[in-house]
Amino acid sequence: MFGIIDVNNCYASIEALFDPRLRGKPLVVASNNDGCAVARSAEAKALGIKMTEPVHEIRERHPQVIIRSSNYELYADMSSRVMRIIDELVPEQEIYSIDECFCSLRGIADRAALALQVRDRIRLWLGLPVCVGIGSSKTRAKLSNFIAKKRPQYGGVFDIEALSPDQQSELMEGIDVDEVWGVAERTRTKLERLGITNVRQLRDADPEWIRLHSSVVLQRTVEELRGRSCLALELVPAPRKQIVVSRSFGKAATNFQSMREAVVTYASRAAEKLRSEQMVARYLSVFIHTSPFRANDAQYSATRTIKLPNSTNDTMVIAAAAAALLESTYRDGYRYAKAGVMMIDLTPQAHRQADMFESPGNIARRAKLNAVMDRINNTYGRETLRVASSGRSRGWAMKREHLSPRYTTRWSDIVVAHAR
DNA sequence: TCTGGGGTCCTAGGACCC
DNA sequence: TCTGGGGTCCTAGGACCC
């Protein structure tokens, strides 16, 4: 038996938690670059504002909506507090994303009571609203969570297994198929052609037939909807397979110099991430592209990958390789919107294969240099020390014009309460 | 002016091996 | 006259999640 616990309108709820003026107002949290909506308060949802809707369109249509830039430092800190509270109450926990976790409810006599306890404690200790869904598979738990959110009369907790088979069928019949975990736009369209539009129809479809017309992934979803659990709780996070650092630019980049600054900056960040996870990478990819939304602009996109001479997490090596890759990728005369760096084929640093042509002394010195850089940047802030080719102009840097303070992670931003 | 970032898994087809 | 079969690995593209 599984539970899924998630924070309602997570980023919007956190923003409103620290700034009470936002409560009860339509609030949208924007993606990086203040580009599109990634979270909405209940009031913003009621206005019909959709996920990933462009911020400039929201402003035009609903001038009263309050916009906040996303503040991941704040959200990540609040997330870890939520996860800690849950961990103390449930037997086993799988952190699934920044705002949700699965847990095992096997052997719990009164599941609903435990779920309510989790909900109440997070509300009381942190001031954040959560919903809990319960089901015999992860997919059914997710469906319960959807009901818990949609129907406030259940008090934020719903357990589909507490219903009779007939009640379950009736409930599922009233839910669109694309509310199922793993079914999005494309699959919904495909299923529609097969005559499947609600959850009950998907559950009752023949899994083999589904595999023939779609994929084993959807077949598994059908099995899960039927209550045969195919996706286990993952208590140990699987080792990561790749690291990506990419950003859209605040304004279009139109020359090689800007692009190189951006790519070197992202490559440095990727190397830092590798080191923080004690991993090394064998392959490096660089990609750049223009904006597909600017129909009148000439379009260009390209990716280049190289195998590094040795698996590495050395900033200087990775930055230089990324800059070299960019040279073979870059074409003049385009308005570039985005660039990114991917580290691929990751292995633990401890297993790194030595190269007979490398000087051991040199390797040790470089490791020391990178470690010093990490220590300085951890103490004095990101990019205090960085490679020179990452540049100073930063015309491409992302926009965050409505950023809230880092209330819980910076001394200077801490909230002060005044007695009256 | 303005449309996110980071990740996973699956599938199909080609290259290559024995 | 007659030109294999089974396996792996890699890549690109698609779909999905939050």
Side-chain angles (χ1 to χ4, degrees), chain A residues 4 6-11 28-40 49-61 67 69-72 75-76 79 94-102 138-139 142 145 177-191 211-221 230-231 234 237-252 266 269-270 273 277 282-283 285 287 289-297 301-305 307 335 337-346 395 398-402:
Chain A
I4 173 100
D6 76 346
V7 180
N8 305 349
N9 311 332
C10 183
Y11 303 163
V28 164
V29 179
S31 65
N32 281 334
N33 260 325
D34 297 340
C36 64
V38 293
R40 303 150 295 155
I49 295 169
K50 300 271 177 284
M51 201 70 169
T52 74
E53 197 169 320
V55 166
H56 66 96
E57 285 176 18
I58 296 173
R59 271 195 231 277
E60 276 163 31
R61 287 199 301 134
I67 309 287
S69 304
S70 22
N71 185 344
Y72 286 102
Y75 310 149
S79 168
E94 171 193 339
I95 297 175
Y96 177 66
S97 75
I98 192 163
D99 77 325
E100 62 189 296
C101 72
F102 286 102
K138 284 181 166 180
T139 304
K142 277 277 204 178
N145 184 279
V177 73
D178 58 353
E179 300 296 350
V180 171
W181 189 39
V183 178
E185 174 67 23
R186 300 299 174 91
T187 308
R188 182 183 63 78
T189 312
K190 188 189 288 181
L191 286 174
R211 190 178 57 81
L212 284 175
H213 285 88
S214 182
S215 67
V216 293
V217 182
L218 194 61
Q219 178 187 25
R220 200 162 54 204
T221 297
C230 308
L231 303 165
E234 285 168 31
R240 219 205 266 256
K241 296 184 174 163
Q242 56 178 37
I243 285 175
V244 179
V245 178
S246 73
R247 297 278 183 284
S248 298
F249 304 136
K251 61 175 200 249
Y266 305 161
R269 180 75 194 117
K273 285 191 184 182
E277 305 201 6
R282 178 95 245 204
Y283 292 88
S285 273
F287 66 88
H289 64 79
T290 50
S291 171
F293 297 106
R294 299 180 61 104
N296 295 329
D297 280 9
S301 83
T303 310
R304 293 269 192 292
T305 306
K307 188 172 185 180
R335 297 170 50 80
K338 183 172 180 175
V341 169
M342 303 169 71
M343 311 301 315
I344 308 160
D345 193 0
L346 310 187
M398 73 178 176
K399 273 196 309 202
R400 288 162 105 190
E401 289 172 354
H402 313 281

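What you see is a predicted model; the values in this text were computed from it and never measured. A note on names: the letters A, B, ... follow the listed sequences, proteins ahead of strands, and every chain is numbered from 1.
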- So, A:T139 side chain and A:T221 main chain: donor-acceptor pair closer than 3.5 Å or not? no
- Using a cut-off of 4.0 Å on non-hydrogen atoms, how would the nucleic acid contact of A:R59 be classed: base, sugar-phosphate, or nothing? nothing
- Note on the structure: From CG of A:N32 across to P of B:dG6 the rounded distance in Å is 8 Å
- Message: Between P on B:dG6 and OH on A:Y266, what's the gap in Å once rounded to a whole number?
- Response: 9 Å
- Using a cut-off of less than 4.0 Å, is there contact between a side-chain N or O of A:S246 and OP1 or OP2 of B:dG6? yes
- Using a 4.0 Å heavy-atom cut-off across all strands, classify A:R400 as base, sugar-phosphate, or nothing. nothing
- Task: Measure the distance from OH on A:Y75 to P on C:dC18 and round it to the nearest whole Å.
- Result: 18 Å
- Query: Within the structure shown, what part of the strands sits under 4.0 Å from A:E100 by heavy-atom distance: base, sugar-phosphate, or nothing?
  - Reply: sugar-phosphate
- Query: For A:K241, which contact category applies under a 4.0 Å heavy-atom criterion: base, sugar-phosphate, or nothing?
  - Reply: sugar-phosphate
- Paired nucleotide for C:dG6 [Watson-Crick or G-U wobble; both distances under 3.5 Å]: B:dC17
- Message: Evaluate A:I58 against A:V28 for side chain to side chain contact (heavy atoms under 4.5 Å, CB included), listing each step before the verdict.
- Response: CA-CA 9 Å; A:I58 296 173; A:V28 164; 4.3 Å; yes
- Spacing of A:E179 atom CD relative to C:dC17 atom P, expressed in whole Å: 10 Å
- Across the strands shown, which category fits A:D99 at heavy-atom distances under 4.0 angstrom: base, sugar-phosphate, nothing? sugar-phosphate
- Give one of base, sugar-phosphate or nothing for A:I243, where a contact means two heavy atoms less than 4.0 Å apart. sugar-phosphate
- Query: Side-chain N or O of A:R294 less than 4.0 angstrom from OP1 or OP2 on B:dT1?
  - Reply: no
- Query: Can you tell me if the side-chain N/O atoms of A:S248 get under 4.0 Å from OP1 or OP2 in B:dG5?
  - Reply: yes
- Whole angstrom is fine here: how far is it from CZ in A:R188 over to P in C:dC17? 12 Å
- Which of B:dG6, B:dC10, B:dT8 is nearest the side chain of A:R247? It is B:dG6
- Are the side chains of A:R247 and A:K338 in touch, meaning some heavy atoms are under 4.5 Å apart? no
- Message: Applying a 4.0 Å non-hydrogen cut-off, can you work out what A:V55 is touching in the nucleic acid: base, sugar-phosphate, or nothing?
- Response: nothing
- Query: Base, sugar-phosphate alone, or nothing: which one does A:V29 contact when heavy atoms must sit under 4.0 Å apart?
  - Reply: nothing
- Message: What contact category does A:K142 fall into here, base, sugar-phosphate, or nothing, at under 4.0 angstrom with non-hydrogen atoms?
- Response: sugar-phosphate
- Query: Regarding A:N33 and A:S248, is there a side-chain donor-to-acceptor distance under 3.5 Å anywhere?
  - Reply: no
- Item | A:V341 vs A:F287 side-chain heavy atoms within contact, under 4.5 Å | no
